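All of these numbers come straight from a predicted model, not from anything done at the bench. In listed order, ligands and their atoms are each counted from 1.
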Amino acid sequence: MNLEPIFTAVRQAAILTREVQRHHIIESQKTGQEPVTIADYGSQAIICEALSRAFPHDAVMAEESGTQFMMLVEPEQRKQITQLISFVLGRSVDEEDVVNWLDFNKNIQAERTWVIDPIDGTKGFLALRHYVIAVGILEGKNVTGGIMGAPAYPGYDKGALLHAINGEAFIQAMHDGTPSRIKSSDHTDPSQVRVLESVEKSHASHDRMARVRELAGLLDSPFERIDSQEKYGRIAAGDAELYLRLPRINSTRPHSTWDHAPGAALVMAAGGMVTDIDGSPLDFSTGVALTNNQGMIVSNGRIHEQVLKAVQQVLKEETPSS
Ligand code: AMP
Ligand code: MG
């Protein structure tokens, strides 16, 4: 399968999101425009445009829709989005094109489904921290590939483009690189185990994860909070060893498939491990929400068992004794 058209689309989407950050967040923050909306619709439209040409018979699962675009977005903003897409694609497109791309092959049945998070880590995007443009490939119940544009990936001028296909994972500079193979690291020593978690307290329980780190002997390990699936990308590239995602106790919000499928593809292809907090594989057969999964343990594989044990211990501690 040739992923080049999707790489191009993700690069174009990254140009669009950067433009939105520059003009709508940094320069005209006070004008009341909604940068997320513009960037989300723009990014999704660009990726779906590429899919419609390169993989016309495949299904799409993505957050935004053409109906929302027409109903919820003010005409002036719709014009801005359409202009930005035209600018990035280098040709004139109109509102009808945008609507058609946003809805491209949604709700159809196909052997292959592309799972798109046009901007993952919205809060990071707005705060000029980390975010990614994430695309996963589902075949039946399995995640078989993924592409991730990470504009703030450390060590690259304009970010990195990661991808996984046929059981192998790669990284390249966003705009001009040649892909190099990546593998998750072999580190097991606590001083070398770099731990990642969400910035946002409302997305995952910082307290529960701190207890897991304590029980796993990783409390003094290098630790960073970053937004988005870049966390999965870092584990895949050997730039981190553990990403924990334990929901807040009593959280009822399911994890979205587009928040995990692209990243999981990268980590698994790089030789790492991705499981639920009970150690079972994530179940990608349930549509837009991972309704069979509680949380995520993502690691280089080598430290997985030790962390899983610590998670079980925390769950046990939390169970009220009778
Ligand atoms: P992160 O930056 O890793 O926290 O991931 C950002 C993603 O978390 C967003 O795309 C949201 O879809 C998702 N999210 C927001 N709230 C929750 C929640 N309560 N539980 C799980 N995921 C959430
Ligand atoms: Mg997301």
Polar-atom distance check: [X] versus ligand 1, any N or O pair below 3.5 Å?
X	answer
Asp259	yes
Asp120	yes
Ser256	no
Lys231	yes
His255	no

Could you check [atom] against the protein and tell me its nearest heavy-atom contact, residue, atom and distance included?
atom	result
atom 19 (N) of ligand 1	Ser202 O, 3.2 Å
atom 20 (N) of ligand 1	His203 O, 3.5 Å
atom 2 (O) of ligand 1	Ser228 N, 2.7 Å
atom 14 (N) of ligand 1	Arg253 NH2, 3.4 Å

Task: Between Thr144 and Asn142: side-chain donor-acceptor atoms closer than 3.5 Å - done: no
Open item on the list: Test your reading of the model: is there a side-chain donor-acceptor pair from Ser198 to the backbone of Glu200, 3.5 Å cut-off?
Closed with: no
TODO: Using modelled atom types only, decide if a donor and an acceptor are shared between the side chain of Arg181 and the backbone of Glu168 within a distance under 3.5 Å.
DONE: no
Open item on the list: Considering Arg245, Lys123, Glu200 one by one, which has a heavy atom nearer to atom 8 (O) of ligand 1 than any of the others?
Closed with: Arg245
TODO: Classify the ring geometry between His260 and His255 as parallel (under 30°), tilted (30 to 60°) or perpendicular (over 60°).
DONE: perpendicular
TODO: Anything under 30° is parallel, anything over 60° is perpendicular, the rest tilted; go ahead and classify His163 against Phe7.
DONE: tilted
Open item on the list: Taking the side chain as everything from C-beta on, heavy atoms only, tell me whether Met148 gets closer than 4.5 Å to Leu161.
Closed with: no
Task: Element-labelled atoms of ligand 1 that are located less than 4.0 Å from some non-hydrogen atom of Ser198 - done: 1 (P), 3 (O), 4 (O)
- [ ] For Asp227, take its heavy atoms, then give the atoms of ligand 1 lying under 4.0 Å from any of them.
- [x] 2 (O)
TODO: Would you kindly confirm whether Ile297 and Leu282 end up in one hydrophobic cluster when ILVMFWY residues are joined by side chain heavy atoms under 4.5 Å apart?
DONE: no
TODO: Measure from the Mg ion (ligand 2) to each N, O or S atom of Asp117 and report whether any distance is below 2.8 Å.
DONE: yes
Task: Neighbour count above 12 (heavy atom, 6.0 Å) for Asn107 CG - done: no
Open item on the list: Within the supplied structure, the quantity of interest is the number of heavy atoms (other residues, nucleotides, ligands) at a distance under 6.0 Å from Lys309 NZ; does it exceed 12?
Closed with: no
- [ ] Among the N/O/S atoms of Asp120, select the one at the shortest distance from the Mg ion (ligand 2) and name it.
- [x] OD1
- [ ] Report the name of the N/O/S atom of Asp259 located nearest to the Mg ion (ligand 2).
- [x] OD1
Open item on the list: Do the side chains of Glu318 and Arg208 get close enough for a salt bridge, i.e. N-O under 4.0 angstrom?
Closed with: yes
